[in-house]
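Remember, it's a predicted structure, so these values are computed and weren't measured experimentally. Letters A, B, ... mirror the listed sequences (proteins, then strands); counts begin at 1.
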Amino acid sequence: MPELPEVETVCLALSKILNNSEVSNIEIFRKDLRWTINDNLETDLKEKILKKPYRRGKYILIPTSKEHILLFHLGMSGTIKILSGEYKVFKHDHVKIKIETEDNNFFTIVYNDPRRFGYVDFFHISKIKNHFLLKKLGVEPLGKDFTIQYLQKKMYNKSKCVKNFLMDQSIIAGIGNIYASEILYEANISPLRTVDKLNKEHLKSIITATKFILKKSINAGGTSIRNHLQPDGNLGYFVQKLKVYGKNKSKCNKCNNVIVLININNRSTYYCSNCQR
DNA sequence: CGGCATCCCTGGGAGC
DNA sequence: TGCTCCCAGGGATGCC
């Protein structure tokens, strides 16, 4: 589930408690995630001071004052919980980190991931440029490098369909299966259209729609955390106002056509074949 | 190399 | 109630 807006929302919530907070304890219950968690996480993270987290694509990065980075990737089913007070370990909790804030409050941060497609890593900041997961990431869709020129360059001589293009993390970092459908609906472009059939106007629409949809969802996530922080501390899931994803057989908001569900690269894809060409 | 199918893993819901 | 099948929001890998 977690795409850019959800990861951004988790980052925002974490940043409220991670601002020169000290790691007082760390427990790892299961190391065999998408990759095996490095042994140094357990030994080296203790007593480190955690600074404000930030996001890169779908990755959460938490710098320490000792020049390290704590990295989380939520995969398909990962969540992060933030809790104050006692916490009883739950099924699929893999990593539990206790922290003490600057003003002496205690919190527990829990990484839970049933399918274990996610990952947790801890490494020296000098390795960030060549980190095997981070080095291949493309531009940030909310950043200034996400331009028509950039897209044109990346599309050159490519034949894949625009939906797969948007979801390619080495081109644009952070868009997943849900938001790819939502963005193309907003841009009135068929997910099946191949990128060599996109003109400048299409690219402009894609950029505008991407920024609009992602920002709107981040705002919704922020609101959801303020108003509906669940008692179990669970973050990363919030009610999204989706217009096409999961809406097959219901009516398109813009015309009287019916939203259809198709399969692209083995992923569910929803669109209006009337509005989206 | 690009594009696509397959696989990793667990759980939930539909259908019988 | 229980079984089977299919599906799930990520992404690496291997094959053609």
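Put simply, A:Lys91 has no side-chain N or O that comes within less than 4.0 Å of OP1 or OP2 on B:dT10. Between A:Tyr179 and C:dG9 there is no side-chain N or O to OP1 or OP2 distance below 4.0 Å. Side-chain N/O atoms of A:Asn265 include none lying less than 4.0 angstrom from OP1 or OP2 on B:dG3. Phosphate proximity of B:dG2 to A:Ser159: absent, as no side-chain N or O sits under 4.0 Å from OP1 or OP2.
Between A:Phe122 and A:His68, the gap from one ring centroid to the other is short of 6.0 Å. A centroid separation of less than 6.0 Å is found between the aromatic rings of A:His73 and A:Tyr59.
For DNA chain B, the neighbouring residues in residues 108-116 of chain A, judged by any heavy atom under 4.0 Å, are A:Pro114, A:Arg115, A:Arg116.
Nucleotide C:dG10 holds its C1' atom 16 Å from the CG atom of A:Leu166, rounded to whole Å. We find that NZ of A:Lys154 is positioned 12 Å from P of B:dG3, with the value rounded to whole Å.
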- Task: For DNA chain C, produce a single dot-bracket line, 5' to 3'. Pairs: Watson-Crick or G-U wobble, both distances under 3.5 Å. Symbols: ( ) within strand, [ ] crossing, | other strand, . unpaired.
- Result: .|||||||.|||||||

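A salt bridge links A:Lys81 to A:Asp93: at least one charged side-chain nitrogen sits closer than 4.0 Å to a carboxylate oxygen. A salt bridge links A:Lys160 to A:Asp168: at least one charged side-chain nitrogen sits closer than 4.0 Å to a carboxylate oxygen. Electrostatic pairing of A:Glu140 and A:Arg56 counts as a salt bridge here, judged by a charged N lying under 4.0 Å from a carboxylate O. Checked for salt-bridge contact, A:Asp32 and A:Arg116 meet the test: a charged N lies under 4.0 Å from a carboxylate O.
If you take atom P in B:dC9 and the same atom in C:dG14, they sit 15 Å apart, rounded to whole Å.
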I'd like a table of atom pairs between the protein and nucleotides 11-15 of chain C - only N or O on both sides, under 3.5 Å - with the distance next to each one.
{"residue": "C:dG11", "atom": "OP1", "partner": "A:His73", "partner atom": "NE2", "Å": "3.4"}
{"residue": "C:dG11", "atom": "OP2", "partner": "A:Lys58", "partner atom": "NZ", "Å": "2.8"}
{"residue": "C:dA12", "atom": "O4'", "partner": "A:Arg34", "partner atom": "NH2", "Å": "2.8"}

- Task: For A:Asp39 and A:Lys31, run salt bridge (charged side-chain N to carboxylate O under 4.0 Å, His left out): C-alpha distance rounded to whole Å, both residues' side-chain angles, the deciding distance at 0.1 Å, then the answer.
- Result: CA-CA 9 Å; A:Asp39 290 333; A:Lys31 291 190 173 180; 2.7 Å; yes

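Side-chain polar atoms of A:Lys163 and A:Ser181 form no donor-acceptor pair below 3.5 angstrom.
Here the straight-line distance linking atom SG of A:Cys275 with atom CD1 of A:Ile189 works out to 12.5 Å at 0.5 Å rounding. Considering OG1 of A:Thr108 and CD of A:Glu27, their distance stands at 9.5 Å, rounded to 0.5 Å.
Contact annotation for A:Asn164: backbone-only contact, meaning every heavy-atom pair under 4.0 Å involves sugar-phosphate atoms and none involves a base.
Note that A:Lys254 lies in the cation-pi zone of A:Tyr185, set by a 6.0 Å cut-off to the ring centre and a 45° limit from the axis.
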